[in-house]
Amino acid sequence: MTLQAVRGFKDWLPEDCARYHFLIELARNYLERANFKEIKIPILEKTELFLRSIGEVTDIVQKETYTFQDRSQEFLTLRPEATAGICRMIIEQGLYVRPKPLRFFFIGPMFRHERPQRGRLREFYQIDVELLGQLTPYYEVELLDLALKILRAPDPEKNSFTLEINSLGCRECRPEFREYLLSALQDKREWLCETCRERLNRNPLRILDCKQEGCRRIVRELKPLSEFWCVLCREHFTELTELLSFVGITFVVNPYLVRGLDYYVRTIFEIKGKGLGAQDAVCAGGRYDYLLKELGGPDLPATGFAIGLERWALTLWGEKPPQALMEKLKPEVLFIPLGREAKREGLKLVPRLREENFKVEAFFEDRSLKAMLREADKLGVKKVLILGEDELKEGVIILKDMEKGVQERIKREGLIQRLKEELRK
RNA sequence: GAGGCCGUAGCUCAAUGGUAGAGCACCGGGCUGUGGCCCCGGGUGUUGCGGGUUCGAGCCCCGUCGGCCUCCCCA
């Protein structure tokens, strides 16, 4: 192979467009009914935006993003996520003065320079949903319900998604837990795995969801994060879980669910899909009450989630899209002209049929009727129109039903009416 | 970024270090105004790429690119 796509970047074949567009349209439909407004943000942002939003753990930006300098030596980054860009937009465009809550959603590709594996590409699509305002737990439940409804909508019978939630506490109480973590783990340092020893310095919360059995044993001995919640955080979480039960949402409280970044507070969640291997979070989200202010905007609490489009499709259908979706790719009508005059006629007839909203393929090649009918068969087309010299003379056209295998010579004037009757039942 | 497995035709996969194959797909014909079924014919290939070992490499070694799996990271 002399030339190939960049690693981790995937082509979308017609079949891929069919299934991804189906999911995107479905999500868009749900979001718009919940009064979320679609927005678009640029694919490139100044690197500084991500440095400031991701904060302390700056090596994430350096190691995991596509960052480069443009011709004027400015550092730019292909967006690795949507939240930072949307916050920048809200501040820059003054959207925060609009009636609260603000409800926005964005659909587009994100870029992360990570090692590709199943369900993890370097270019991948997210459906990103953000809700900003004075956020009571009611809003959070509304949002969780919406996320689950969207994910389950393509196949409501099948329960392929499970919701996990946790609370990280707030600025008042989380530092206390962090202190406790550091001191409690200090004397157990040597039993932690190598990466967790590194995490002690860089990102201690992450030790909670380490996958090594040794670390997990140690973590289970610790006092849980929930013991450190302040009164407000405790009340918030209690009300949240009570409301989730009230509306009948099944969930698992995972006390070891954490986020790597500092701006997350209180409620965080993940929705995991079945059959995805190690990368099984189809949807992840949480509150980021401090982010807008940290980026120089107003003090506006916020929460949101992002659905990974490719993972969503993988959970629903695996590698192969369902047959019903593929049917939409097939044309309804195929025009086969025999001879020069018939081709000329076709140039008028075919667009006319398309104006009537039929999906029409047309062959303008010099091939045998047999060969073209063979193609028609492969296309899966329902009706074939054959126009030859005899038909031209008589002002008729052959309408062939490919499923029944029967054909009929009908008057040209009656063609559209006839197709409507047969295809628009 | 670390480790492991893998890479042969469009696809799925065979081939002790000794002449690269099968099924499906595809192309041509039987059949220049009638599809599917059938029959006949065609292998369509830089064995990912580059080097090395060997009389001889798809197979062994090194490098590289890509895929998958686990870790890292996961905004």
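Since we're looking at a predicted model, the values are computed, not measured. Every chain is numbered from 1 and lettered A, B, ... according to where its sequence line falls, protein lines coming before strand lines.
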* Dot-bracket pairing map - RNA chain B, Watson-Crick plus G-U, both contacts under 3.5 Å, | cross-strand -> (((((((..((((....[..))))((((((.......))))).)...(((((..]....))))))))))))....
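- Sorted by first and then second residue, the salt bridge (charged side-chain N to carboxylate O under 4.0 Å, His left out) pairs with a member in residues 81-92 of chain A read A:E45-A:R88, A:R88-A:E92; sequence neighbours excluded.
- Looking at residues two or more places apart in sequence or on another chain, you find no side chain to side chain donor-acceptor pair (under 3.5 Å) involving A:E176.
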Check: protein-nucleotides 63-65 of chain B nitrogen or oxygen pairs below 3.5 Å:
{"from": "B:C65", "atom 1": "O2'", "to": "A:Q4", "atom 2": "NE2", "distance (Å)": "3.3"}

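- Rounded to the nearest Å, the gap between the P atom of B:A9 and that of B:A22 is 14 Å.
- Distance CZ (A:R122) to P (B:C74): 17 Å, rounded to an integer number of Å.
- Look at the C1' atom in both B:G48 and B:C65: the space between them is 7 Å, to the nearest Å.
- Aromatic rings from A:Y180 and A:F228 are positioned such that their centres are separated by under 6.0 Å.
- B:A15 sits 14 Å from B:G45 when the C1' atoms are compared, rounded to a whole Å.
- Nearest to the side chain of A:P116, among B:G67, B:C74, B:A2, sits B:G67.
- With hydrogens and angles ignored, the 3.5 Å screen pairs no side-chain donor or acceptor of A:D209 with any backbone N or O of A:V258.
- Considering A:Q407, A:K382, A:K383 in turn, A:K383 is the only one that fulfils the side-chain contact (heavy atoms from CB on, under 4.5 Å) rule with A:D401.
- For A:K330, the NZ atom counts as densely surrounded, since its 6.0 Å shell holds more than 12 non-hydrogen atoms of other residues, nucleotides or ligands.
- As judged by a 4.0 angstrom heavy-atom cut-off over every strand, A:R259 is placed among residues touching the sugar-phosphate backbone only.
- A side-chain donor-acceptor contact under 3.5 Å links A:K100 to the backbone of A:R98.
- Remark: the separation of the C1' atoms in B:U64 and B:G7 is 13 Å, to the nearest Å.
- Whole-Å rounding puts the A:R112 CZ to B:G1 C1' distance at 17 Å.
- A:L379 has its CG atom 12 Å from the P atom of B:C26, to the nearest Å.
- Of all the heavy atoms in A:I271 and A:A147, the pair that sits closest is CD1-CB, 4.0 Å.
- In this structure, the CZ atom of A:R202 is 13 Å from the P atom of B:A75, given to the nearest Å.
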Within the sub-3.5 Å range, which N or O atoms of nucleotides 33-39 of chain B have a protein N or O partner, and how far apart are they?
{"from": "B:G33", "atom 1": "O6", "to": "A:E389", "atom 2": "N", "distance (Å)": "3.3"}
{"from": "B:G33", "atom 1": "O6", "to": "A:D390", "atom 2": "N", "distance (Å)": "3.3"}
{"from": "B:G33", "atom 1": "O6", "to": "A:D390", "atom 2": "OD2", "distance (Å)": "3.4"}
{"from": "B:G33", "atom 1": "N1", "to": "A:E391", "atom 2": "OE1", "distance (Å)": "2.9"}
{"from": "B:G33", "atom 1": "N1", "to": "A:E391", "atom 2": "OE2", "distance (Å)": "3.1"}
{"from": "B:G33", "atom 1": "N2", "to": "A:E391", "atom 2": "OE2", "distance (Å)": "2.5"}
{"from": "B:U34", "atom 1": "O2", "to": "A:K400", "atom 2": "NZ", "distance (Å)": "3.0"}
{"from": "B:U34", "atom 1": "O2", "to": "A:Q407", "atom 2": "OE1", "distance (Å)": "2.9"}
{"from": "B:U34", "atom 1": "N3", "to": "A:Q407", "atom 2": "OE1", "distance (Å)": "2.7"}
{"from": "B:U34", "atom 1": "N3", "to": "A:Q407", "atom 2": "NE2", "distance (Å)": "3.0"}
{"from": "B:U34", "atom 1": "O4", "to": "A:Q407", "atom 2": "NE2", "distance (Å)": "2.9"}
{"from": "B:G35", "atom 1": "OP1", "to": "A:K370", "atom 2": "NZ", "distance (Å)": "2.0"}
{"from": "B:G35", "atom 1": "O6", "to": "A:G405", "atom 2": "N", "distance (Å)": "3.4"}
{"from": "B:G35", "atom 1": "N1", "to": "A:M402", "atom 2": "O", "distance (Å)": "2.3"}
{"from": "B:G35", "atom 1": "N2", "to": "A:D377", "atom 2": "OD1", "distance (Å)": "2.8"}
{"from": "B:G35", "atom 1": "N2", "to": "A:M402", "atom 2": "O", "distance (Å)": "2.8"}
{"from": "B:G35", "atom 1": "N3", "to": "A:D377", "atom 2": "OD1", "distance (Å)": "3.1"}
{"from": "B:G36", "atom 1": "O4'", "to": "A:D377", "atom 2": "OD2", "distance (Å)": "3.0"}

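- In this structure, A:E130 places its CD atom 13 Å from P of B:A75, rounding to the nearest Å.
- Nearest nucleotide to the side chain of A:Y263, out of B:C68, B:U70, B:A75: B:A75.
- Positionally, the nearest nucleotide of RNA chain B for A:K211 lies more toward the 5' end than for the other of A:K211 and A:A284.
- A:T83 comes within contact range of no nucleotide atom at all, as no heavy-atom separation falls under 4.0 Å.
- As judged by a 4.0 angstrom heavy-atom cut-off over every strand, A:G380 is placed among residues making no nucleic acid contact.
- Between B:A57 and B:U32, the two P atoms lie 48 Å apart (nearest whole Å).
- A cation-pi geometry, defined here as NZ or CZ lying under 6.0 Å from the six-membered ring centre and within 45° of its normal, holds between A:R103 and A:F36.
- A gap of 37 Å separates the C1' atoms of B:U54 and B:G1, to the nearest Å.
- Panel note: side chain A:R178, backbone A:L205; no donor-acceptor pair is recorded below 3.5 Å.
- Counting to the nearest Å, the C1' atom of B:G3 and the CZ atom of A:R115 are 9 Å from each other.
- Annotation: A:Y125 is in aromatic contact with A:W12 [ring centroid separation under 6.0 Å].
- Within the structure, salt bridge (charged side-chain N to carboxylate O under 4.0 Å, His left out) contacts touching residues 281-305 of chain A (residues at least two apart or in different chains) are A:E140-A:R287, A:R171-A:E294, A:R287-A:D289, A:K293-A:D299.
- Taking atom P on both nucleotides, B:C26 is separated from B:C69 by 30 Å, rounded to a whole Å.
- The CD atom of A:Q279 sits 11 Å away from the P atom of B:C68 (whole-angstrom rounding).
- A close approach under 4.0 Å does not occur between any side-chain nitrogen or oxygen of A:R79 and OP1 or OP2 of B:A75.
- There is a side-chain donor-acceptor pair under 3.5 Å between A:Y288 and A:E130.
- Between the P atom of B:C74 and the CD atom of A:Q117 lies a distance of 14 Å, rounded to the nearest Å.
- Annotation: B:G43 and B:A14 have their C1' atoms spaced 15 Å apart (nearest Å).
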